[in-house]
There are 2 protein chains.
Amino acid sequence: MDKNLKLKTAEIEKISHLEYFNIAISVDCVIFCYQDKKLQVLLIKSDLEEFSGLYSLLGDLVRPDEDLDSAPYRVLKQRTGMDDLYLEQVRTFGSIDRHVSGRVITTAYYSLIDIKHQKLSVDQNELHWHPVKEIKKLAFDHKIILDSCLQRLREQVMEFPVAFNLLPEKFSLRELQELYESILGINLDRRNFRKKIALKGWLEDLEEMENEVPHRPGKLYSLKQAYRKKKVSKKQKPVLENIFSK
Amino acid sequence: MDKNLKLKTAEIEKISHLEYFNIAISVDCVIFCYQDKKLQVLLIKSDLEEFSGLYSLLGDLVRPDEDLDSAPYRVLKQRTGMDDLYLEQVRTFGSIDRHVSGRVITTAYYSLIDIKHQKLSVDQNELHWHPVKEIKKLAFDHKIILDSCLQRLREQVMEFPVAFNLLPEKFSLRELQELYESILGINLDRRNFRKKIALKGWLEDLEEMENEVPHRPGKLYSLKQAYRKKKVSKKQKPVLENIFSK
DNA sequence: TCAAAAGTGTTGACTTTACACCCATGA
DNA sequence: TCATGGGTGTAAAGTCAACACTTTTGA
């Protein structure tokens, strides 16, 4: 590749320089939130005839003067008013015919946002939250993109303190557990869940209680400062967790 | 993205259609082999002045008429003569200035090949195998790409029967263990390693022995047929391995 | 006083790790 | 007979899964 780029166009076999550049690159964002005890995704009604009635993910073409990894931040800022979000690149999709209007290769990202965050404004009336479990079909290959992002989220959530981005600053252990259950799609044992979370050491006990709950209030916690960096620093995990022994 | 594409060029803010398409997309392949008891990578001497003396990964621009995921197969076929390889997409790199000759976004793949495979021909004299551990610097951002691919390989190898793609059809448990040690960069306990591998049930006992070894020969094994599919089928792993209990 | 959820420990099953000796072969 | 690696089992430590009762609060 790098090599061909340097070659004069005539040398690039029979395909002209212009043709080579006739591929657009976009990003698509799977924006998750947690609302009504359900994991939800932000979608927009597709305005293409081919997909009338279907929804699609939020995306945009990557600009010539922006880093690939910056594009989803721009899209999110535009669409939700928020920056400083948790974002993770998942995979790039590039089948020839994945886009009806031409050749578009897209890099998928997922993002986690707190639905109650003050800065959040999803006012544009064509944007809607949809429970992930109820989504059967999306425009383009967006259902596949959604599925890969969900799978990646599930993997991440087991290992890293990322789910907290979906919750408000303060939360109870019940809320946290329900969130995990929504993401993973399974039920968890309360005692074991609490033990495990305690063991991770991610949480700070705020010495405050829930209020306005119609039952015994639980303690409130927040994620310790040290774990809050949103810009994904190279997760240099120890490579080997618990495998073949020494 | 999808939306803008449909708009007339004038509508796409102030950036022209042509500018949007003035981004090239390439693939770069981290081709691993296992030789001299070391994990090695196939590199080519960079022909750019900026990188004189440095090596780079093998890549090429994606053709307008090929799927993104097909491009690395083409590159590998061209460079090594082999098809039907194990290939996995890792991540897409797209900083504005990552390429000296213009805007090029690249999708990284890693591949595992058996250095003794009959079809393998890396005759082009500008191609060389380099022990991964000895690589300090590469052209472009290729060192970072190599590192991500290595990390992904390490993750995969713990869970899925992929390392076998680096070995000949028949191999001994010692060879297999040494391979794992090279990939992971650590030493493994022989008894525990054998127990673990046996437990996975990946191997078929060929009831044959090594020969031409200057010591007691070991049994030969091969990967069971059922595990040999190279085209990565959707690894639908059970999502939860060993985490929070029910 | 009822309903709802908070909070809390123990046990058995399983997994992981650490570790050492005798055996078969070729030189 | 020596050097090299092949082949094998056990015990202790740690982790995981299953499970139930009492407490607190608001209605």
Side-chain angles (χ1 to χ4, degrees), chain A residues 36-37 154-155 157-159 167 170-182 184-222 237-246, chain B residues 34 36-37 154 157-159 167 170-182 184-222 237-246:
Chain A
D36 302 333
K37 304 200 175 183
R154 286 174 171 171
E155 290 164 10
V157 120
M158 304 306 312
E159 249 190 295
L167 291 177
K170 301 175 181 186
F171 50 86
S172 67
L173 289 177
R174 172 181 39 79
E175 290 172 302
L176 185 63
Q177 181 177 340
E178 286 169 349
L179 170 59
Y180 268 83
E181 290 175 333
S182 302
L184 299 171
I186 57 175
N187 293 323
L188 302 171
D189 176 82
R190 188 158 83 243
R191 277 172 291 190
N192 291 337
F193 178 80
R194 285 168 186 236
K195 253 180 290 174
K196 193 71 156 239
I197 288 289
L199 205 74
K200 298 263 188 193
W202 293 336
L203 299 188
E204 191 175 339
D205 182 343
L206 294 175
E207 319 257 349
E208 282 179 66
M209 291 296 183
E210 283 182 303
N211 38 31
E212 295 170 36
V213 285
H215 53 75
R216 174 176 173 181
K219 276 188 178 180
L220 290 177
Y221 294 81
S222 69
K237 71 170 167 177
V239 171
L240 287 187
E241 211 89 323
N242 56 352
I243 328 287
F244 308 94
S245 91
K246 111 114 182 329
Chain B
Y34 180 60
D36 304 333
K37 305 201 175 181
R154 285 174 170 171
V157 119
M158 303 307 311
E159 247 190 297
L167 291 178
K170 303 174 180 187
F171 49 85
S172 67
L173 289 176
R174 173 181 36 79
E175 290 172 302
L176 185 62
Q177 181 177 339
E178 285 169 351
L179 170 59
Y180 268 84
E181 291 176 333
S182 301
L184 299 172
I186 57 175
N187 294 323
L188 302 171
D189 176 81
R190 189 160 83 243
R191 277 172 293 190
N192 291 338
F193 178 79
R194 285 167 185 237
K195 252 179 293 175
K196 192 74 155 233
I197 288 289
L199 205 76
K200 298 263 187 192
W202 294 335
L203 298 189
E204 191 176 338
D205 183 343
L206 294 176
E207 318 258 352
E208 280 179 69
M209 291 295 183
E210 281 182 304
N211 39 32
E212 295 168 37
V213 286
H215 54 75
R216 172 175 175 182
K219 278 190 178 180
L220 289 177
Y221 295 83
S222 70
K237 72 169 167 178
V239 171
L240 286 188
E241 211 91 321
N242 55 352
I243 326 290
F244 308 93
S245 92
K246 113 116 182 335

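Residue numbers begin at 1 in each chain, while the letters A, B, ... track the order of the sequences. Small disclaimer: the values here were computed from a predicted structure and weren't measured.
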Query raised in the report: Out of curiosity, B/F193 CZ to B/L173 CG, how far, rounded to the nearest 0.5 Å?
Result: 7.0 Å
**Report entry** Nucleotide D/dT8, atom C1' - distance to NZ of B/K196 in whole Å
**Finding:** 18 Å
Query - No-H, no-angle donor-acceptor pair, B/R190 side chain to D/dG5 base, under 3.5 Å - result: no
Requested in this report: Under the side chain to side chain contact (heavy atoms under 4.5 Å, CB included) rule, collect the residues that match up with A/K37, sequence neighbours excluded.
Outcome: A/Y34, A/E178
Query - Spacing of A/M158 atom CE relative to D/dC16 atom P, expressed in whole Å - result: 10 Å
Requested in this report: May I ask you to evaluate whether A/K219 reaches the phosphate of C/dG7, defined as a side-chain N or O under 4.0 Å from OP1 or OP2?
Outcome: no
**Report entry** Partner set under side chain to side chain contact (heavy atoms under 4.5 Å, CB included) for B/N211, not counting sequence neighbours
**Finding:** none
Query raised in the report: Hey, mind stepping through A/L220 and A/E210 against side-chain contact (heavy atoms from CB on, under 4.5 Å) and telling me if it holds?
Result: CA-CA 6 Å; A/L220 290 177; A/E210 283 182 303; 3.8 Å; yes
Requested in this report: Take atom OH of B/Y221 and atom P of D/dG6, then tell me their distance rounded to the nearest Å.
Outcome: 11 Å
Query raised in the report: After noting the C-alpha distance and the side-chain angles of A/I197 and A/Q177, does the key distance pass the side-chain contact (heavy atoms from CB on, under 4.5 Å) rule?
Result: CA-CA 10 Å; A/I197 288 289; A/Q177 181 177 340; over 6 Å; no
Report summary line: Here the distance between atom P of D/dG5 and atom CD of B/E175, to the nearest Å, is 13 Å
Report all interatomic pairs (protein N or O, nucleotide N or O of nucleotides 25-27 of chain C) with separations under 3.5 Å.
none

Requested in this report: Would you tell me if any nitrogen or oxygen in the side chain of A/R191 comes within less than 4.0 Å of OP1 or OP2 on C/dG9?
Outcome: no
Report task. Give A/R174 one of three labels, base, sugar-phosphate or nothing, depending on what nucleic acid heavy atoms sit under 4.0 Å from its own. Result -> sugar-phosphate
Report task. Check the distance between C/dG7's C1' and A/L188's CG and give it to me in whole angstrom. Result -> 17 Å
Query - Closest listed nucleotide, where the reference is the side chain of A/N192 and the choices are C/dT16, C/dC19, C/dG9 - result: C/dG9
**Report entry** Atom-pair distance (CZ on B/F193; P on C/dC19), nearest Å
**Finding:** 20 Å
Report summary line: note: B/D189, atom CG; D/dG9, atom P; distance rounded to Å ~ 15 Å
Query raised in the report: Does A/K195 or A/G218 map to a spot on DNA chain C nearer the 5' end, using the closest nucleotide for each?
Result: A/G218
**Report entry** Flag, side chain of B/Y221 to backbone of B/W202, donor-acceptor distance under 3.5 Å
**Finding:** no
Report task. Take the protein atom CD of A/E212 and the nucleotide atom C1' of C/dA4, then report the distance between them rounded to whole Å. Result -> 17 Å
Query raised in the report: To the nearest 0.5 Å, what is the distance between NZ (B/K219) and CD (B/E208)?
Result: 12.0 Å
